[in-house]
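Predicted model, so just to flag it, every value in this text is computed and none were measured. The chain is numbered in sequence order, starting from 1.
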Amino acid sequence: MTSHRCAEGGTAIDRTDTVGFTVDGRQYFGLAGDTLASALLANGVRVMGRSFKYHRPRGLMAFGVDEPNALFTVTTDGVREPNVRATEIEIFDGLAVESQNRWPSLDNDLMAINQLGGKALAAGFYYKTFMGPVIGPLKGTRFWMMCEHVIRRAAGLGRPGTAPDKSRYERINAFCDVLVIGGGLAGLKQAHEAAETGRHVIVCELEPRWGGAADGKKESEIRQIVESLESRPNVTLLTRTTVWGWYDGNMLAATERVSDHLKTAPEGAPRQRHWVIRAEHVALATGALERPIVFPGNDRPGVMLADAGRRYTETFGVLPGQHLAVFANNDSAYATAAALRHAGANVRAIVDVRPEIGAAAQRLADRAGGALKLGHAVVGTSGAKGLKSISVARYNHETRSFSGGAEEIETDCLLVSGGWSPVVHLASQAGANPVWDDALQAFLPPKPDAHWSVHGAAAGDLDFDHDLSPAPAPVFEIGHPGKAFVDFQHDVTADDVRLAHREGFRSVEHLKRYTTLGMATDQGKTSNVPGLAIMADALGKPIPDVGTTRFRPPYTAASLGSIAAERFGNLFPHRLTPMHDWHGDHGARMYAAGHWQRPESYNRPGETVEQAYVREAKTVRSGAGLVDVSTLGKIDIQGPDAADFLNRVYTNGFAKLPVNKARYGLMLREDGFAMDDGTTWRLAENRFLMTTTTANAGKVMSHLELCLDVHWPDMRVHVTSVTDQWAGAAIAGPKSRDVLAACVTGTDVGNDALPFMGIVHGAISGVPVMICRLSFSGELAYEVYCGAHHGTHVWEALMAAGEPFAIAPYGIEALGTLRIEKGHVTAAEIDGRTTARDLHLDWMLSSKKPFVGSAMMDREGLTDKSRWTLVGVVSRSGEKLHGGSHVVAGDRDEPGPGLGHLTAMAFSPEINAYVGLALVEDGGNRIGQHLYATDPVRSGTHIPIEIVSHHMVDPKGERMHG
């Protein structure tokens with residue numbers, strides 16, 4: 001085992017940082033920045049896989065996603081991920097991988113005996129061998145049923161595990177003006193051009209580095225463009241991100257490998273992130289893939305694509321071999337030969353099927369050294385588990401004839417270039433049929449439309465340096481005796497393609513399924529065009545007349561974990577407020593409130609949740625507190641009939657509400673039960689902003705749309721949900737006005753200018769804000785709204801202004817405590833079974849107008865005096881109450897019938913006791929009674945309580961009107 005690491009060079013590696021990893025339990029060392037492929041190559045490892053059917057030893061062939069041979073299983077914390085390309089595994093200390101499809105070992109695989117099967121294992125052998133024969137009892141499929149168990153155990157590649165994957169995955173929806181796919185020079189130039197016009201640009205590059213396949217001479221230009229893009233706020237740059245699917249409406253799917261390359265993911269970072277990107281325009285700069293040439297022995301370890309050899313040398317400082325030969329039908333391989341000679345390799349020969357070459361290629365051949373054999377072809381190779389020599393014969397590619405004997409050349413690496421195929425996969429997914437180009441002997445994307453464009457090598461613009469010609473000779477196969485492979489992973493040979501032709505499987509789709517050509521994990525990236533060329537030759541037709549298969553998502557493998565992301569278990573949306581990151585950075589414990597993530601409490605070191613919310617509630621009652629209310633439902637209501645519409649859906653009057661005033665409103669369902677409460681602000685004569693409870697935002701929006709679409713279709717009103725457009729912060733406490741006065745400009749916030757339920761418009765730290773004076777806590781309080789993208793900025797400005805007043809953020813536990821003390825209701829009390837009267841909101845029921853629910857609210861059952869009504873409760877024993885506990889009259893031994901239940905509870909710092917709200921039978925007449933809150937199933941508690949007014953703190957409202 002010899003090191004192939006160059007003495008210098010390697011743009012991706014850090015020579016000062018050695019990394020240890022294991023393959024099949026054996027220790028190896030590479031350098032930081034290496035892939036598994038480059039590290040094994042540097043260690044002299046030649047055999048990196050076994051083929052699917054014949055179990056032939058296989059080595060590296062390609063540099064990236066087109067690699068068909070070097071597949072491994074990555075094991076992380078007992079979780080197995082099979083069929084991962086060595087070219088895409090970035091090594092780190094402790095990486096452990098296993099080779100696949102071999103037994104007992106990669107070097108010594110007993111299943112290699114399949115190579116003796118010869119024609120018995122040719123294309124279609126399953127159907128021919130196991131669907132018969134009729135010999136005695138072996139009729140129909142019985143023979144298959146006898147052999148199935150053994151065959152299925154031998155088939156397949158990697159072996160998945162059964163351990164649950166504990167990695168975290170994320171998904172994200174993104175929108176952009178321009179999505180650039182490909183981070184090579186062509187893609188970066190397109191991104192820079194779009195970014196300079198001010199458009200929002202996302203750039204996705206599947207490799208860890210920018211530049212694609214560009215050689216080192218373009219590194220400076222690439223770095224300059226990347227630095228310029230990184231400095232622009234309208235550009236998002238994503239490396240390690242593969243765009244693998246293109247769907248209707250310019251919606252594309254991508255997988256970002258966030259921490260696969262790390263031993264330990266950073267705190268909070270997912271393993272992978274699934275991107276759904278909706279783009280106005282897609283710029284394809286996906287490059288081109290080099291093709292192999294089909295010839296006998298072309299699968300031996302050490303036979304590699306020419307440009308892959310160059311890239312391993314320039315990117316990782318690893319020579320693919322010490323004594324190289326090159327076999328080509330085009331000029332690009334000559335630049336590779338010269339580059340590897342410069343890096344220290346011994347170039348033994350350059351074999352070219354063309355009888356003559358241009359001056360630029362000749363100069364490179366002279367620099368590379370070695371014998372230049374024009375008008376020759378490689379007709380065979382030798383070596384058991386690695387290339388030792390090649391056989392070369394004189395060849396006329398026009399007549400496909402040989403002359404003279406074969407010459408043997410000793411070499412440990414053969415670099416092959418059979419031309420280039422632009423990556424048209426995504427364009428094909430978008431519905432476009434590839435177009436054949438005779439000059440390049442390749443399929444190109446069709447003419448783009450206004451929604452997408454194609455650039456660089458993906459468009460056929462193969463910009464080779466040194467004035468090299470991109471046009472190859474039309475040679476795809478060297479017809480010489482011996483096993484010549486087209487699809488390396490599935491062991492599809494040139495003879496298999498011709499067999500499919502003889503047996504009538506001539507359509508490209510039938511060819512694919514009969515031979516499994518292009519059905520391996522590389523999806524035919526190296527095999528499709530050679531396979532089509534061989535079929536076209538058998539048919540006597542041009543390649544474009546044979547056609548090509550339609551490419552389908554995914555372009556390359558996408559993990560199910562990333563696609564599912566958080567969508568498992570309880571499949572609800574995951575919604576974050578604009579200030580979410582601020583909350584996390586300042587110690588907030590997050591809590592799922594419906595679909596929203598909200599701060600539960602801001603715990604200081606050593607504090608319990610209860611201690612934290614009690615402290616926060618005290619701060620609000622004595623000074624000033626700030627709470628995120630962005631989750632409240634917000635509905636913009638506009639139109640000439642907007643005021644009349646609100647008058648119909650609310651129980652109280654809104655038609656005469658002045659502009660820049662707000663009003664608390666209550667909605668009923670059509671059956672007379674309470675549905676939701678909230679405030680609505682009149683912003684203009686014909687424009688209102690309605691706020692709803694967080695829990696009922698969707699329900700209220702649906703209700704309003706139903707009313708307009710079904711009940712009153714002639715009303716001139718538009719309703720729009722704007723919950724996500726506004727960030728909201730409520731500042732409460734006796735010092736809240738002082739805090740606002742310290743930071744609001746453009747308006748007075750004094751009592752005269754901003755009375756209770758008044759609205760003013762001003763600015764905070766340069767951001768336009770709308771402020772309404774209203775209170776959910778019972779204290780002097782204000783709600784401050786701004787555009788969602790300014791939410792954190794305004795929040796931080798409010799916190800800074802409140803520092804002299806000892807302001808503190810508070811979460812929903814403290815918010816719940818404050819509202820329980822004050823007797824305000826939420827969805828816990830408006831639970832679909834309560835009426836306005838049950839909640840002591842009958843003062844809001846207008847007797848001067850009809851409204852939704854007014855016809856049904858006075859039914860006998862809804863006006864019964866014994867109904868459950870809202871009351872307050874106080875624990876008489878000091879024990880902690882439990883929400884949902886039943887209210888009963890008797891002690892633990894004889895509790896008696898249920899009289900109601902607790903809807904909410906908290907420890908009240910104002911009352912210095914555990915308190916709660918409850919719905920209790922004939923609650924209004926039970927004030928002062930001593931009852932019990934019992935919870936025999938969950939907590940086994942039976943707590944003595946006193947029934948009190950639901951207004952437990954400041955019943956006259958003097959604080960909020962102060």
Report summary line: dist Leu414:CG -> Leu305:CG (nearest 0.5 Å) comes out at 10.5 Å
Report task. Search all heavy atoms of Thr381 against all heavy atoms of Gly297 and return the closest pair with its distance. Result -> OG1-O, 2.9 Å
Query raised in the report: Any sub-3.5 Å donor-acceptor pair from Gln489's side-chain atoms to Thr521's backbone N or O?
Result: yes
Query - Whether His397 side chain and Pro474 backbone form a donor-acceptor pair below 3.5 Å - result: no
Report summary line: The reported gap from CZ in Arg50 to CG in Asn69 (rounded to nearest 0.5 angstrom) is 12.0 Å
Query raised in the report: Does the side chain of Ser382 come under 3.5 Å of the side chain of Ser389 through a donor N or O and an acceptor N or O?
Result: yes
Query raised in the report: With distance as the sole criterion, is a donor-acceptor pair present between the side chains of Ser332 and Asn330 under 3.5 Å?
Result: yes
Query raised in the report: Mind checking whether Met304 and Phe63 have side chains closer than 4.5 Å, heavy atoms only?
Result: no
Query raised in the report: So do the side chains of Ser99 and Val47 get within less than 4.5 Å of each other, counting heavy atoms only?
Result: no
Query raised in the report: Thinking salt bridges, do Glu221 and Lys218 make one under a 4.0 Å N-O criterion?
Result: no
Report summary line: The side chain to side chain contact (heavy atoms under 4.5 Å, CB included) partner of Tyr555 among Thr286, Val65, Val243 is Val65
Query raised in the report: Heavy-atom distance under 4.5 Å between the side chains of Pro470 and Leu440, does that happen here?
Result: yes
Query - Check: His323/Asp412 side-chain N/O donor and acceptor closer than 3.5 Å - result: no
**Report entry** Ionic contact status for Lys512 with Asp487, cut-off 4.0 Å
**Finding:** no
Query raised in the report: So, does Thr516 use its side chain to make a donor-acceptor pair with the main chain of Met519 at under 3.5 Å?
Result: no
Report task. Answer yes when Asp331 and Arg354 have at least one side-chain N-carboxylate O distance shorter than 4.0 Å, and no when they do not. Result -> yes
Report task. Taking the side chain as every heavy atom from C-beta outward, state whether Thr336 and Ser417 have any atom pair closer than 4.5 Å. Result -> no
Query raised in the report: Say you draw a straight line from CG of Asn433 to CH2 of Trp436; how long is it, rounded to the nearest 0.5 Å?
Result: 15.0 Å
Report task. Identify the heavy atoms of Leu319 and Cys6 that sit nearest to each other, and give their distance. Result -> CG-SG, 3.6 Å
Query raised in the report: Got a sec: does the CZ of Arg400 have more than 12 other heavy atoms crowding it under 6.0 Å?
Result: no
Query raised in the report: Is it true that Glu477 and Arg498 have a side-chain N and a carboxylate O under 4.0 angstrom from each other?
Result: yes
Report task. Could you check if a side-chain atom of Val303 sits within less than 4.5 angstrom of a side-chain atom of Val416, using non-hydrogen atoms only? Result -> yes
Report task. Could you tell me whether the side chain of Thr241 and the main chain of Thr239 form a donor-acceptor pair under 3.5 Å? Result -> yes
Report summary line: Scanning both residues in full, the closest heavy-atom pair of Pro472 with Gly419 reads CB-CA, 4.2 Å
Requested in this report: Look at the rings of Phe485 and Tyr54 and say which category their plane angle falls in: under 30° parallel, 30 to 60° tilted, over 60° perpendicular.
Outcome: perpendicular
Query raised in the report: For Gln441 and Val529, which heavy atoms make the closest approach, and how far apart are they?
Result: O-CG1, 4.4 Å
Requested in this report: Please report the closest heavy-atom contact between Pro68 and Asp522, naming both atoms and the distance.
Outcome: CB-OD2, 3.6 Å
**Report entry** Side-chain touch Arg46/Leu387, heavy atoms, less than 4.5 angstrom
**Finding:** yes
**Report entry** Pair Arg240 + Glu90, salt bridge at N-O below 4.0 Å
**Finding:** yes
Query - Check: Asn43 side chain, Gly30 main-chain N or O, donor-acceptor pair, under 3.5 Å - result: no
Query raised in the report: Mind checking whether Met535 and Val508 have side chains closer than 4.5 Å, heavy atoms only?
Result: no
Query raised in the report: Is it true that Glu219 and Arg209 make a salt bridge, defined as a side-chain N closer than 4.0 Å to a carboxylate O?
Result: no
**Report entry** Test item: Arg310 side-chain N/O and Ala213 main-chain N/O as donor-acceptor pair under 3.5 Å
**Finding:** yes
Query raised in the report: Going by the angle between their ring planes, with limits at 30° and 60°, are Tyr395 and Phe402 parallel, tilted or perpendicular?
Result: tilted
Query raised in the report: To the nearest 0.5 Å, how far apart are CZ in Arg363 and OH in Tyr334?
Result: 13.5 Å
Query raised in the report: Just checking, is any N or O donor in the side chain of Asp66 or Thr526 under 3.5 Å from an acceptor N or O on the other one?
Result: no
Query raised in the report: Should Arg311 and Glu290 count as an ion pair when the cut-off is N to O under 4.0 Å?
Result: no
Query raised in the report: Which heavy-atom pair separates Ile478 from Ala377 by the least distance, and what is that distance?
Result: CD1-CB, 3.8 Å
Query raised in the report: Does a donor on one side chain and an acceptor on the other come within less than 3.5 Å for Ser51 and Arg56?
Result: no
Query raised in the report: Do Leu185 and Ile225 touch side chain to side chain, with heavy atoms closer than 4.5 Å?
Result: yes
Query raised in the report: Parallel, tilted or perpendicular for Phe327 and Phe295, by the 30°/60° rule?
Result: perpendicular
Report task. Verify, without hydrogens or angle tests, whether Glu88 (side chain) and Gly64 (backbone) share a donor-acceptor contact under 3.5 angstrom. Result -> no
